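Below is one structure, written out as structure tokens; comments come after it.
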Amino acid sequence: MIRTTGLTKRFGGLTAVDGVDFELGQNELCSLIGPNGAGKTTFFNLLTGTLAPTAGRVEYRENDWVDVTDDGPHETALRGIHRSYQITNVFPTATALENVRVAAQAHGGNDAWKLWRNVSAFGEYEREAREILDRVGLGDETDTVASTLSHGQKRHLEVAVALAGDPDVLLLDEPTAGVSSDAIDQLVELIRNVAEDHSVLLVEHNMDVVMDVSDRVAVLHRGELIADDDPVAVRENPDVQRAYLGGYEADGDGSNAGGNDTGTGGEPA
Amino acid sequence: MSEPTETSDAPAVTDRRGAYVRRVLADHAVHAAVVVAFALYPIVYTVLGQTPLGSEFEVFLPRVHAMVAVLYIGLFAMSFDFISGYTGYLSFGHALFYGSGAYLVVLTATDKVPLLGPDTPFMLLILVAGLVAVALALAVGAVSFRLSGVYFAMITLGFAEVAHVFIRNWDHVGSNPRDGASIGAAGDAFAVGVPGIDALQVGIGRLVGDEFGDVFGIGVEFGTAEVSYYAIGAVVLVCYLLMQRIIHSPFGRVMIAIRENEERARAVGYDVFRFKLAAFAISGFFAGVAGALFAGYRRTVAPGNTFDLFFTAEALLAAIVGGFGTLAGPLFGYLFNASVEGVLSTEPHGIARYLRDVLSESTLSAGAGGVTVADVINVLVDGRADLYLGIVFILFVLYVPRGILGTLRDRLGGHVADRLPERVRSRFRGRNE
Amino acid sequence: MTDAAVLSVVDVLVDLLEPTTLVRILLDALSKSALYVLIASGLSLIFGLMGVLNFAHGSLTMLGAYLGGAVMVALVSGSTSEPVQLLLFFVAIAATFAALTLLGGAVEMTLIRPIYDREPLFQILLTFGLVLVLDELARIAVELYGLQPRSDWQAALGTAPGFLSSRYTVAGVTTRGLYLFEVLIGALVVAAIWAFLTRTRYGLYIRSGSEDSEMTRALGIDVRRTFTVVFGLGSGLAGLAGVVLMWDPRFGASVPLSVETLLVAFVVVIIGGLGSFRGTVVAAGVVGLTDALMTWLFINHVDFAGLPEMVTFLVLVAVLIVRPQGLYGIAEVGGH
Amino acid sequence: MSGDPPALELDGVHSYYGESHVLRGVDLSVETGENVALVGRNGVGKTTTLRSILGLTPPREGTVRIDGEDVTGEPTHEIARRGVGWVPEERRMFKHLSVEENLRVATPPGSDVSKRVQEALDAFPALRDHVDREAGDLSGGQQQMVAIARVLVGDNDLLLVDEPSEGLAPLIVEEVVDALGTLAEDVTLLLVEQNFPMAMDLTDRFYLLDQGKVVETGDSNAASRDDETIRRYLSA
């Protein structure tokens, strides 16, 4: 559904993403893992057009492959690439329903420009929003103002906003961040559920979740894709082990200096 | 919390229609009440003025003439809130749009605008004023919306000041552009109403407008101020309803989404730049209309009460007191400010003059340490509205940041217009049950 | 372009390149830049460290002009000798600076501190409320003491020593002694602020705090107290500028001085860039030169009195378009 | 020694990053002079632990004690003045201050500033040539040295060091490790580090953090990355 060729992003002297070739198939769930600063969030920002790459291409499959490298975030969203955020990033004083409704409305062509019509005349977006809220388990919270939801519920809402407008590709950035272990089970359930009819690229630190839900696992280390395989194979891969545990004793590793992920904007580590 | 369901036995169709009408009425009950209150105000003012406490009422209630200003400056404040309160972008140069609308009217009337003759119908002129403001807003916005926060405020202020300085020195305006331009009492009043049908139009203006004796045959006389009040009030009401309509449209929801979280609004698929620009243009339109109404009523414009930074500040003050992001709030906010100004005014209806008249000579000359009561009135009361408004303003920023209407909404848990009737209804039912 | 227009542009250029013209414009630019840097530096310090755009800055300058003027009028009599007059001027500066520093510190602690965690909008609004209150209080005082609020306060202007009011010839151009004196004061103040920021411990705290407040706190520095001190000093500087303007016949102590200086201060600080005192100094130069050049153009070639002011605002708009963070601003903090 | 309270003690600390519940009851204690590593995968709360100690992310529950005194809820600058030095993730240079100024700002008032700066430069001779450059112009490794030197010039006896090797080339990492190793002899050190062997090399003891809680503690010398528990919590 989406693929990159030689995707590279440099910030000054830092190469955050370094020549990544990656492809995500239809209805596939691929996890993207890697130590802090490996370039995961930057990679997301490149896919959604939030950042422009220094080199390389991003393509998206509609009927045929379309080059979306130069598209802005709203253009990629309209094509069907949606994302969630690592830190809850919704519309805080709007209700849960309005959060999803306004996101659904974005995909209604010129409807958002109909200044003279009351929102209530566009029931289809509200229906869609209600369905999505039901699907993510927030059906009882439609009228709750987003900022007053519990943290776990907010993480569900975060996914719900990304689901609005019927995307084909979902990029989920640490959906379980800061969620307690019992609430994680529900999120895992949700991720599995949405992966049935979406192509999902999941950034996740919780390895139990990753091993549990992924069809495939890709590992970024210092901006480079060092592994891309099924979960078990990735777990056994010595390069991956070293990336996580450090290559300090093992000399030869890491000729690539300075893969610092400046694009993350502070991870809640 | 949900709408009460109708339980009438009438046939389904009539039931639905009846329910719809009742719902519309209920939804707009507060709107209607406010409109009626405003409509009755001149009559109430006259009636109260004739009571034994007449002179007290005249001190504390704004005169109808002042209420006309509440309407057009209130409209300006609402247009300011439309962009600043709903998208979060502080338009610090908003006076630019008001000023261009006002100058357009006066310059047209004095035959100084190409293509528009002095006899252009006022209703058309209002529209042109709005469109000129739209053009300016698109030009200013196209550049300014690349910035945000304080920088957006500053660049819009910069644009407005360029225009301010220009208009203050542009001798095309008049022989002394610093004093502005005036149409004078000569010539026809500007007519508000249905263009082309004289019977459905009235002239506005305090000195030149229409007046009616013995309206409805009940002995109530409408002077120029009252006639202008209703005519301008009608235009302001239409403008308010249009803005309210837009706020409640899908477009309005996008504006709010931008205010709440611009990054996310973009990520869900909105080209936020175009939405901000359009909202700015709409806001500019109504500011331009407000300026045109002002010029039509006062028939004179000056840089200081149109393009000035402190004129934008009037809107800011009104929005803070009334409530940012409430649309109607700024009108009430300005009503409050204008009332304070009226009470503390140096003019005959102000409280200073009243106190001097009412208090006895001995009270006035009483005092301690060489300071008499009369001195205190002169120094701390007479024309000191800015001092107290400044203090009120600071207190609002510190303790009532959501303003009057915003705080009311928070208390009621929704829009006043939606919630108030419901509250009343539920209380009423509660008592019956 | 028509031939006439080309001709007149050539005329203007020929005229401009006349040595005495250049010297005249440069002298004018220098004295204006000095005033602008005085007016803007306090605002720049506050904005740089705290991100608070203090709308009351101009009002503090206006208060400074009246306070300084009051000190001078009280102390200077017909028999005061010129050197003593000059000495008293510095007394007035010291007294005003101290008074307004205290006022600024008090305002920060009581009014600004409770709203740091709100959006920047509220800081703008709050300081705007202060403008209304301070300006009205000034009007009340002016009325009480029977001073003239609108036109220049002649009594204060009259306390300037004769040698500053006289004219001097520099490189073939005649100028007032006062303007040269203002350049001197401007240079002294810039040097003093510069030394304070770079040579003192507190200055270092201010600079590190404006870059990264959290890291600064983690080094054991009470950033909140730094805020109070900076707001106080910034207010004191505003007052100092007022005392200087009190002697200048182009300004003088008056209530409208408040808005007049506020707008100039904004333009200079925004052009210079958030958090950069160096930027403020350079921007004062740019604005001073623009003003001088446009004033010359207006007097000699273009019949439009608003030219200098209008072009100044156009420069602001142009800078914000080309470099939104200002000349020396730091791009990543531009979101304030 | 046994009678002295620990240099640092966390007791049931719960902290939030915005709304997200990051620390869920962290207990740990570091004796004076001890060097302790805090390891764990991304996102388990290592950085938040350091921020909670400093009061930058004040704990909502639990207590932080420094030398036996409860400092929970104290402002950051007061905690720092108790001798807590922080070498943050991504180094947090004052980019527009010179290297020398970056060091001067960290010296306590009333101390011999130039002497302390000279001593810090003695520890990092490589910085000598760059004292007048703006810190933002330095390379990542040089910035890391400035960040460490910055805590050296203060009267700090407890150092909180966060990911010193992050984003540095292996050769530079060696230098940073050498510097930290020397430093560790004289102070109490709490080190957050992703590079497991390096962390074990520098410390006496370690705490393993997972999901905002300490799940394992042990002797750094005996710890091996082949250990089952460590593999489970650290590797993919």
Side-chain angles (χ1 to χ4, degrees), chain A residues 44-45 48-50 72-85 87-95 98-122 125-126 143 145-147 158 160-165 167 171 173 265, chain B residues 1-3 20 23-24 27-28 82 85-88 134 241-279 281-283 285-286 324-326 402 406 409-410 413-415 418-419:
Chain A
F44 261 37
N45 286 336
T48 56
T50 311
H74 70 272
E75 288 157 323
T76 55
L78 293 180
R79 286 184 189 279
I81 306 169
H82 292 194
R83 69 174 296 182
S84 76
Y85 288 78
I87 296 164
T88 306
N89 193 12
V90 293
F91 307 109
T93 72
T95 60
E98 175 61 13
N99 262 281
V100 186
R101 202 204 61 79
V102 81
Q105 176 190 286
H107 301 270
N110 280 327
D111 281 356
W113 287 93
K114 291 181 177 154
L115 308 168
W116 55 93
R117 300 284 302 278
N118 195 298
V119 265
S120 59
F122 300 85
Y125 305 123
E126 189 175 324
D143 291 334
V145 171
S147 61
E158 184 64 48
V161 173
L163 278 172
L171 310 175
D173 199 349
Chain B
M1 294 288 274
S2 62
E3 285 291 326
Y20 176 75
R23 210 187 62 226
V24 166
D27 283 356
H28 292 281
F82 185 87
Y86 284 90
T87 68
V134 166
L241 291 174
L242 286 173
M243 278 192 277
Q244 211 232 10
R245 180 96 256 195
I246 297 169
I247 293 293
H248 290 289
S249 76
F251 180 87
R253 295 297 179 84
V254 181
M255 287 168 65
I256 294 171
I258 289 170
R259 176 187 74 193
E260 295 288 300
N261 189 340
E262 187 166 341
E263 182 196 11
R264 190 63 187 250
R266 193 181 291 125
V268 300
Y270 291 113
D271 184 353
V272 292
F273 181 80
R274 285 173 61 209
F275 281 89
K276 290 187 289 187
L277 198 55
I282 293 166
S283 161
F285 179 86
F286 291 108
F324 258 100
T326 61
R402 304 264 293 119
R409 277 184 192 174
D410 290 349
H415 286 212
D418 297 342
R419 296 296 180 205

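Per chain, numbering begins at 1; letters A, B, ... match sequence-line order. The model shown is predicted, which means the values in this text are computed figures rather than measured ones.
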Per-residue contact mode, Thr48(A) against chain B (heavy atom under 4.5 angstrom): neither

Test item: Asn118(A) side-chain N/O and Ser249(B) main-chain N/O as donor-acceptor pair under 3.5 Å: no

Proximal component of Asp111(A), with respect to chain B [non-hydrogen, under 4.5 Å]: backbone

Max heavy-atom pair count under 4.5 Å with chain B, selected residue of Pro92(A), Ala77(A), Gly165(A): Pro92(A)

pair Arg83(A)-Arg264(B): side-chain heavy atoms closer than 4.5 Å: no

Region of Glu98(A) that comes under 4.5 Å of a non-hydrogen atom in chain B: side chain

Arg79(A) portion near chain B, given a 4.5 angstrom heavy-atom threshold: neither

Atom pair CZ/CD of Arg253(B) and Gln105(A) - distance to nearest 0.5 Å: 8.0 Å

Which atoms of Ile282(B) approach chain A - backbone, side chain, both or neither, heavy atom under 4.5 Å: side chain

Side chain proximity check, Val102(A) to Tyr270(B), heavy atoms < 4.5 angstrom: yes

From CZ (Arg245(B)) to CG (Leu115(A)), nearest 0.5 Å: 11.0 Å

Side-chain (His82(A)) to main-chain (Ala267(B)) donor-acceptor, under 3.5 angstrom: no

Trp113(A) and Phe251(B) aromatic ring geometry - parallel, tilted or perpendicular at 30°/60° bounds: tilted

Side chain to side chain, Val90(A) and Asn261(B), heavy atoms closer than 4.5 Å: no

Where Phe122(A) and Pro250(B) come nearest, the two heavy atoms and their spacing: CE1-CG, 3.3 Å

Value rounded to 0.5 Å, distance of OG in Ser147(A) from CD in Glu260(B): 8.5 Å

From His74(A) atom NE2 to Phe275(B) atom CZ, the distance as rounded to the nearest 0.5 Å: 9.5 Å

From CG (Leu242(B)) to CH2 (Trp116(A)), nearest 0.5 Å: 13.0 Å

Residue selection (most heavy-atom pairs with chain B, distance under 4.5 Å) from Ala94(A), Ala106(A), Gly72(A): Ala106(A)

Atom group of Ala121(A) that falls short of 4.5 Å from chain B, counting heavy atoms: neither

Among Ile246(B), Val268(B), Ile256(B), residue most engaged with chain A (heavy-atom pairs, under 4.5 Å): Val268(B)

